[in-house]
Structure formats: C-alpha cells, structure tokens
Amino acid sequence: MKQLNLILAGAFMMMTAPAYAASVIASVNGTPITDTDITARVKLMSRQGKNPTDNRRVALQNIIDDNVKIAYAQNFHAVPEDDVVDKELKKMNLGDMSESERAMARSALRAEIAWQIIVGRTIMPTVDVSREEIDAERAEIARENGLPVEMTIVRLVDIPADVAAKLTRPKSCDDAVAMAENLGGAPQKFTALQYELSSDIRARVATLPTLTWSPVVDRSVLLVCSTKKTKEYGKLDEMIKQNATYKQAMFIADQQLKQLRRKAVVVINDDRYKL
C-alpha cells in the first residue's frame with residue numbers, strides 16, 4: 001500500500017508540473033511573468049479604458065517594460081516608496097479590485113512614477129526647445145483654438161468680387177471703414193479675444209497680417225486692424241515651451257526604453273506571445 005501511495009504521488013506530480021510550468025508565460029531578467037499576472041494586467045487596462053485587440057500580448061509587453069523601468073530606476077535610487085505609490089493609486093479611483101489586480105496596479109504605477117522621475121532628472125534638462133518650435137506650436141493653437149490676443153476686426157459681408165478687388169491696403173482701421181463705406185459697403189467693426197471668435201473667422205484671421213484684407217470667402221472679407229496681447233499671452237508661451245519640452249523628452253525616453261528592452265534578458269515560453 002505504501003508503494004502504491006508513492007506511485008500515485010509521483011504520477012500526480014508529473015501531471016501537475018507541466019500545468020504549473022505552462023503558467024509561467026515569460027521572464028525578464030529572471031523574474032517570472034505568469035498567466036495570472038497577464039490576466040490582472042488586462043483587467044487593469046480595461047479599468048483604465050484601454051482595450052486593444054491583442055490585449056494579452058500588450059499586457060505582457062507592459063509588464064516587461066515595467067520590470068525594465070524599475071531595474072533602470074534602481075541605478076538612480078528613483079524607485080518610489082510604498083506610501084507614494086498608494087497615495088497616487090488612491091487618486092486613480094479604480095474601484096474595488098482583487099488582490100492580484102491591486103498588486104498589478106501598484107506594480108504598474110510604481111514603474112510609471114519611477115520612469116517619470118528618470119525622465120525629469122536625466123532627459124528633460126538636456127532638451128532645448130527653439131524659438132521656431134514655440135512659434136510653430138503657437139500658430140497651430142491660434143488656428144485651432146485661438147490665442148489670448150485681443151483683436152479689432154473689420155468685416156464686410158455680401159460684397160461682390162469686383163468690389164472686393166477695389167479694396168486696397170488702408171493706413172488705419174478708420175481708413176479701412178471709410179474705404180468700405182465709399183465702395184457702398186456696410187462695414188462691421190468689433191473687438192474680441194481671438195479664442196472667442198467663431199472657428200471659421202478665427203481660421204481666416206489667425207495668420208492674416210495687420211491692415212490686410214483677406215480673400216473673399218462666402219462673399220465676405222475680413223481685416224485685422226490691430227492686436228493686443230493680454231497678460232495670459234506670456235503664460236501661454238511658457239506653457240507651450242513646457243509642453244514641447246515634455247513631448248521631446250518623452251520621445252527620447254521612448255527610444256531609451258527600447259534600447260533597455262533590447263539589453264534585457266527576455267524569455268517567452270508561450271509561442272502565442274512570441275512576435
């Protein structure tokens with residue numbers, strides 16, 4: 001009977017060992033990543049509104065990246081403490097989670113905080129945003145959303161093309177109004193912040209030089225008499241610079257992460273997850 005029990009025990013171990021081994025989908029630098037880990041990450045992604053088609057493969061890649069980020073951050077003593085992670089996790093308001101989901105959420109958040117620290121310490125100080133880049137970004141914002149710039153505008157509506165062709169460059173806003181009236185028009189003069197203008201007018205005046213009539217669109221022409229920057233304008237330039245700096249820094253960080261990923265020892269045990 002004792003011998004029979006030993007045989008049955010051995011058979012049971014043989015049957016259960018492959019199942020356990022199969023649950024380890026991959027490893028990164030010797031750290032195992034299980035099927036349970038991937039499932040927890042997929043659920044976390046779903047809570048965050050991220051549902052890619054190949055979600056389990058994406059989840060595995062995210063876990064690998066987390067391990068790579070943490071390993072690199074340890075070199076700079078940039079791995080956040082538990083209280084910092086828990087405080088940020090609470091702010092995310094992800095709702096009730098299982099133990100495995102919460103552990104995964106903490107792991108993912110720890111890696112993200114660590115990576116942001118690395119970017120802030122080692123990459124952002126090296127990024128230099130040019131004046132041209134700031135001007136280009138401001139022009140794009142002006143076209144799409146408008147700037148905190150006060151504009152005085154003259155508008156002529158229902159103007160025939162032949163009459164519009166007679167409009168010349170005025171010397172002043174009053175000169176523009178008089179010119180339009182002399183041609184039989186009824187000019188409208190108004191002052192508004194650029195971001196308060198309707199999208200069609202904003203798009204037409206965003207890059208229109210001062211005291212220059214616009215082309216005829218829908219039987220109307222526009223002329224910007226003057227512009228005045230508000231106090232918020234200077235703050236906008238600083239915000240644009242910060243955003244441009246952050247975008248460049250994150251691009252560099254992404255390239256660095258790819259290099260670190262290539263150097264890491266990543267082993268994929270399950271063919272379904274291999275590229």
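Just so we're clear, the structure is a prediction, and the values are computed from it rather than from any experiment.
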Between [X] and [Y], do the side chains contain an N or O donor and an N or O acceptor separated by less than 3.5 Å?
X	Y	value
Tyr72	Gln256	yes
Ser220	Arg204	yes
Ser107	Arg41	no
Asp200	Ser198	yes
Thr36	Ser100	no
Gln259	Gln255	no
Asp37	Thr34	yes

Which heavy-atom pair separates [X] from [Y] by the least distance, and what is that distance?
X	Y	value
Ala108	Asp66	CA-OD2, 3.4 Å
Leu147	Gln194	N-OE1, 2.7 Å
Cys173	Leu211	N-CD2, 4.1 Å
Ala111	Ile70	CA-CD1, 3.6 Å
Pro187	Val154	CB-CG1, 3.9 Å
Ala114	Val79	CB-CA, 4.3 Å

task = Verify side chain to side chain contact (heavy atoms under 4.5 Å, CB included) between Met104 and Ile63, making sure each step is shown before the conclusion.
result = CA-CA 9 Å; Met104 179 54 64; Ile63 297 172; 3.9 Å; yes
Do [X] and [Y] sit in the same hydrophobic cluster, where Ile, Leu, Val, Met, Phe, Trp and Tyr count as joined when their side-chain heavy atoms come under 4.5 Å apart?
X	Y	value
Val58	Trp115	no
Leu193	Val224	no
Val217	Trp213	no
Leu260	Val266	yes
Ile33	Met45	no

Quick one: does any side-chain atom of [X] pair with a main-chain N or O of [Y] as donor and acceptor, under 3.5 Å?
X	Y	answer
Asp175	Lys171	yes
Asn55	Asn51	no
Ser214	Leu222	yes
Thr230	Pro148	yes
Thr122	Ile118	yes
Arg110	Pro80	yes
Thr245	Lys241	yes
Arg219	Leu156	no

Can you tell me if [X] has over 12 outside heavy atoms packed within less than 6.0 Å of its [atom1]?
X	atom1	answer
Phe251	CZ	no
Asn75	CG	yes
Asp82	CG	yes

Does [X] reach the side chain of [Y], with side-chain heavy atoms less than 4.5 Å apart?
X	Y	result
Arg56	Thr39	yes
Asn269	Ile25	no
Thr212	Leu223	no
Asp35	Val24	no
Leu94	Met97	yes
Gln116	Glu112	yes
Leu60	Ile268	yes
Val149	Lys228	no

Spacing of [X] atom [atom1] and [Y] atom [atom2] [to the nearest 0.5 Å]:
X	Y	atom1	atom2	result
Glu133	Asp128	CD	CG	8.0 Å
Arg57	Tyr273	CZ	OH	9.0 Å
Gln248	Ile252	CD	CD1	6.5 Å
Glu238	Ile240	CD	CD1	10.0 Å
Arg106	Leu89	CZ	CG	7.5 Å
Glu150	Glu196	CD	CD	9.0 Å

key: Arg143 and Arg202: CA distance, side-chain angles, deciding distance, side chain to side chain contact (heavy atoms under 4.5 Å, CB included) verdict   = CA-CA 7 Å; Arg143 282 190 294 270; Arg202 185 169 62 236; over 6 Å; no
Audit row: Glu88, Lys91, salt bridge (Lys or Arg N to Asp or Glu O under 4.0 Å) steps and yes/no = CA-CA 5 Å; Glu88 293 302 315; Lys91 292 179 182 178; 3.3 Å; yes
inquiry  = Apply salt bridge (Lys or Arg N to Asp or Glu O under 4.0 Å) to residues Glu101 and Arg47 and explain how you reach the verdict.
reply    = CA-CA 10 Å; Glu101 287 180 82; Arg47 288 177 181 273; 3.0 Å; yes
ask   = Are Glu137 and Lys247 close enough, and set up right, to give a side chain to side chain contact (heavy atoms under 4.5 Å, CB included), and what steps lead you there?
value = CA-CA 12 Å; Glu137 182 69 16; Lys247 286 181 181 178; 4.1 Å; yes
inquiry  = Go through it in stages, so that I can follow the logic: the residues are Leu197 and Met151, the test is side chain to side chain contact (heavy atoms under 4.5 Å, CB included), and I'd like the CA-CA distance, side-chain angles, deciding distance and then a yes or no.
reply    = CA-CA 10 Å; Leu197 299 172; Met151 308 184 81; 4.3 Å; yes
inquiry  = Quick one, Asp237 with Arg131, criterion salt bridge (Lys or Arg N to Asp or Glu O under 4.0 Å). Give me CA distance, side-chain angles, the key distance, then yes/no.
reply    = CA-CA 10 Å; Asp237 263 13; Arg131 185 74 248 173; 2.9 Å; yes
